[in-house]
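Heads up, the thing below is written out as structure tokens.
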Amino acid sequence: MPGTELFGKEEKEQVMEVLETGILFRYNHDEQRKGIWKAKEFEKEFADYHGVKHCHMVCSGTAADAVSLAAVGVGAGDEVIVPPFTFIAPVEAVINCGAVPVFAEIDETLCLSAASIEAAITPKTKAVLLVHMVGAMAQIDEIVEVCNKHNIILIEDTAQALGGSFQGKMLGTFGKVACYSFDFFKLVTAGEGGAVITNDDQVYTTAHTWSDHGHSHEGNNRGAEEHAILGTNYRIGELHAAIGLAQFRKIDYMLERLRANKKVLKDYLKKFPQVTFRQVPDEAGDAATVLNFFLPSQEEARKACAELSAEGVAAAYWFDNNYHFIKNWNHIKDCKVAGPVGMQFLDKPQDYKNLDLPKSYDIIGRLVSVNMSITTTKEQLEAICKAFDKVLA
Ligand SMILES: *Cc1c(COP(=O)(O)O)cnc(C)c1O
């Protein structure tokens, strides 16, 4: 798993700096913290990397999804277009903010397509929560165009494509706001953590105040701060921010290794006539955390994935997985919730139990994913190629 492969003295040093001051809280305590502001430092570097004005760190990627929705004003009664192939978090965030998810089809980019978004728009559509899935980008230029045409807010969930770009522009900078995760399984990990980035001053202000009980974050007296809006607590702590910062400083190396390893394996797979590849709209901007390819049928993909796993290859078959594809999301289809949510009361735009998404089912049914890692050796790459021969030839 990428980031975790590189834990070293840098992470330890960052954590120790925080522990030495004892200030684990990201705000205030200006004197005691002796100039150590890990969350702020991480925010500055993360924003600069993306070439945007603002970044706000939060406690998880799921929190970042929720903050993004709140910051652009999505709430009760709104519809938000979402993909059926995604880690489930953005869909949870939509439901938990009182809005209703509207599932649209993905295409061979493994992301929502502009055409499917356009077809799903109703007068209640407020936003699209686009997820750049498994390491690479959606056809983002076309999606921006559709959102602009219909005056719909574009939110990019870039948790799985950090470091990716499209025609030289960083993913996460195409919409009004974007969210990231630094959970244990992501490219850059803080253990737990998330980020929101934006160029919009108002979105940023709402994001940082809403995720900390409405605090304005002005001055050094927390008790005296005005509360412009009601909020909640999705704060990141200094220890997590410290680890995230050390990890993030390794991102260029991570991406370089992942891209090199993926190229070897992808080039090798080209010799099998039955293999086709996930469409990547700009290969140069591939974050390359995952190698994704299609086989002609569901049966072949499921079998190949099981056989590759048995050979020790980090293969995944998302179609049967409980958290990345809608097929097994019975708790959402049956609306099993802790307490009442908007989805139960508002006019449901879709029958979640009987969703008709033939294209997405066909594409994900044929998809095999192989997770890349940073520290894979030449010998290990050769062993994976041998496994490809054994399973696919
Ligand atoms: C991991 C992930 C999240 C959620 O992140 P957490 O930090 O685990 O809460 C959200 N969206 C996508 C696309 C993800 O892959």
Side-chain angles (χ1 to χ4, degrees), residues 1-4 39 42 46 55-71 74 80-97 99 101 103-104 106 109-112 127-138 140 143 154-164 171-172 174-175 177-197 207 211 232-237 239-241 243-244 247-248 258 278 287-290 292 316 318 321-326 329 332 360 364 367 369 371-372:
M1 283 189 308
T4 57
F42 191 8
F46 202 81
C55 170
H56 180 62
M57 293 291 166
V58 290
C59 59
S60 74
T62 309
D65 281 311
V67 172
S68 299
L69 289 161
V74 173
V80 180
I81 297 171
V82 295
F85 178 52
T86 169
F87 180 62
I88 202 165
V91 180
E92 293 171 333
V94 168
I95 295 169
N96 288 329
C97 83
F103 294 95
I106 59 161
T109 62
L110 301 181
C111 303
L112 289 171
V128 175
L129 214 174
L130 175 72
V131 183
H132 296 290
M133 273 303 275
V134 277
M137 78 252 17
I140 188 71
I143 291 172
L154 175 60
I155 303 171
E156 293 174 82
D157 182 331
T158 321
Q160 295 197 13
L162 170 59
L171 301 182
F174 288 85
V177 62
C179 32
Y180 296 82
S181 162
F182 309 116
D183 80 20
F184 187 61
F185 308 94
K186 297 301 200 279
L187 178 61
V188 164
T189 180
E192 299 282 2
V196 171
I197 64 169
S211 41
T232 181
N233 175 15
Y234 285 138
R235 289 186 309 260
I236 193 167
L239 289 173
H240 286 106
I243 298 170
Q247 283 266 295
F248 185 57
L258 290 169
R278 176 247 183 103
T289 47
V290 190
N292 302 285
W318 304 117
N321 161 295
N322 279 356
Y323 280 90
H324 290 78
F325 188 59
I326 199 166
W329 293 349
I332 287 182
S360 303
I364 301 303
L367 176 66
S369 295
N371 289 306
M372 297 293 104

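When a ligand or atom number is given, it counts from 1 through the structure's own listing order. All values below come from the heavy atoms of this structure, side chains included, with hydrogens, waters and symmetry mates left out. Values in this document were obtained by computation on a predicted structure and should not be read as measured data.
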Dump all N/O pairs between ligand 1 and the protein below 3.5 Å as a table: atom names plus distance, one pair per row.
residue  : atom   : partner : partner atom : Å
ligand 1 : 5 (O)  : Ser181  : OG           : 3.1
ligand 1 : 7 (O)  : Gly61   : N            : 2.7
ligand 1 : 7 (O)  : Ser181  : OG           : 2.7
ligand 1 : 8 (O)  : Asp183  : OD2          : 2.6
ligand 1 : 9 (O)  : Gly61   : N            : 3.3
ligand 1 : 9 (O)  : Thr62   : N            : 2.8
ligand 1 : 9 (O)  : Thr62   : OG1          : 2.5
ligand 1 : 11 (N) : Asp157  : OD1          : 3.4
ligand 1 : 11 (N) : Asp157  : OD2          : 2.7
ligand 1 : 15 (O) : Gln160  : NE2          : 2.8
ligand 1 : 15 (O) : Lys186  : NZ           : 3.1

Name each donor-acceptor pair under 3.5 Å that joins a side chain in residues 61-71 to protein atoms two or more places apart or in another chain, with its distance.
residue : atom : partner : partner atom : Å
Ser68   : OG   : Ala64   : O            : 2.8

- Taking the inter-plane angle between the rings of Trp318 and His324 on a 0 to 90° scale, is it parallel (under 30°), tilted (30 to 60°) or perpendicular (over 60°)? tilted
- Message: Tell me which one of Thr86, Ile81, Val91 satisfies side chain to side chain contact (heavy atoms under 4.5 Å, CB included) with Phe103.
- Response: Val91
- Message: Can you confirm if the aromatic rings of Phe248 and Phe182 lie within a centre distance of less than 6.0 Å?
- Response: no
- Item | From CA spacing to verdict: side chain to side chain donor-acceptor pair (under 3.5 Å), His132, Glu156 | CA-CA 7 Å; His132 296 290; Glu156 293 174 82; 2.8 Å; yes
- Taking the six-membered ring where the residue is Trp, are the ring centres of Phe87 and Phe185 under 6.0 Å apart? no
